[in-house]
Amino acid sequence: MFITIEGPEGSGKSSVTEVVSKRLMQEGYEIVRTREPGGTPIAEQIREVILNKENTKMDKITEALLYAASRRQHLVEKVWPLSKEGKIVISDRFIDSSLAYQGVARGIGVDKVLAINEFATEGYFPDLTLLFDIEPEKGLARIAANKGREVNRLDLEKIEFHHMVRKAFLDLAKRFPERFVVLDASKSFEEVVEDCYAAIKSRLDK
Ligand code: TYD
C-alpha cells in the first residue's frame with residue numbers, strides 16, 4: 001500500500017500525518033513515513049539543488065526533471081523495497097506535487113509533466129492520495145506563525161502562484177477520483193487528524 005499526502009504549504013499535512021501514523025502503528029500497522037523531494041541520500045542531494053534559494057536561474061523544465069529524478073531514486077531505493085516487504089509507505093508529496101507546481105503553476109502543462117513522471121516511475125501510482133485542501137491565505141498565515149520552519153524558495157512565490165496550485169490539486173482530485181480523497185485542512189488540527197485517520201483506515205480495511 002502506497003499512500004501520498006498532497007496539499008499546499010501550511011496545510012498541516014506533515015504534522016497531521018505524523019499523529020495519524022503513530023496511531024496506526026499502535027494498532028499494529030507497519031508504517032514507514034517518507035518525503036519528497038528527498039527520502040534517500042541521493043534524492044536529498046537533488047532536493048538541496050532544487051530548493052536552494054540561490055538557484056534563481058533554475059529553468060522550469062530542469063526543475064521538473066530534477067523532481068522526477070529525485071522521485072525515481074526514492075522509489076527504487078525506498079518505496080518499492082518497503083512495499084515488497086509489506087510495509088505501508090506514506091510519502092509527504094509525490095507525483096501530484098509535480099503536476100500541480102510544475103505542470104500548472106509553472107505553466108509547463110500537466111500532460112507534459114505527467115509524461116516525464118510516467119517515464120520516471122514506470123507508471124507506478126499511489127493507491128491513495130490525501131489532498132489537504134486549504135485557502136492559500138490561511139496556509140501561508142500558518143507558516144508565518146510557525147517561526148521554526150525554514151522558508152524555502154517556493155514559499156516566496158506570490159499568492160497567485162499558490163491559488164493556482166490549490167486549484168490544480170482540486171482538478172487533479174477530479175481527474176483521478178479513484179485514488180484521491182480531499183480533506184478540509186482549514187478545520188482544527190484535531191478534526192483534520194480524525195478525517196485523515198478515517199480516510200486511511202477505510203482504505204486499509206478494504
Ligand atoms: P518542503 O520544505 O518539503 O515543503 P512542504 O513542507 O510544503 O512539503 O518543500 C517542498 C517544496 O517543493 C514545496 O514548496 C513543493 C515543492 N514541490 C514541487 O514543486 N514539485 C514536486 O514535485 C515536489 C515533490 C515538491
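The model shown is predicted, which means the values in this text are computed figures rather than measured ones. In listed order, ligands and their atoms are each counted from 1. Values below: every heavy atom of this structure, side chains too, minus hydrogens, waters and symmetry copies.
- In this structure, Arg23 forms a cation-pi arrangement with Tyr197, its terminal cationic atom sitting closer than 6.0 Å to the ring centre and no more than 45° off the ring axis.
- Neither the backbone nor the side chain of Ile95 has any atom closer than 4.0 Å to an atom of ligand 1 (non-hydrogen atoms only).
- Geometric assessment of Arg166 against the ring of Phe169 yields a negative cation-pi assignment under the 6.0 Å and 45° thresholds.
- Scored by the ring-ring contact (aromatic ring centres under 6.0 Å, His included) test, Phe94 finds Phe2 as partners (sequence neighbours excluded).
- The closest approach between a heavy atom of Arg71 and any atom of ligand 1 is below 4.0 Å.
- One option in Glu36, His74, Glu63, Arg47 has a heavy atom closer to atom 3 (O) of ligand 1 than any other, and that option is Arg47.
- Geometrically, ligand 1 and Arg93 share a nitrogen or oxygen pair separated by less than 3.5 Å.
- Of all non-hydrogen atoms in Leu51 and Pro37, the two that sit nearest each other are CD1-CG, 4.4 Å.
- For Asp92, no nitrogen or oxygen atom sits less than 3.5 Å from a nitrogen or oxygen atom of ligand 1, counting backbone and side chain alike.
- Contact annotation for Arg35 and ligand 1: no heavy atom of the residue comes within less than 4.0 Å of the ligand.
- Between Asp92 and the options Arg35, Lys13, Arg33, a side chain to side chain donor-acceptor pair (under 3.5 Å) holds for only Lys13.
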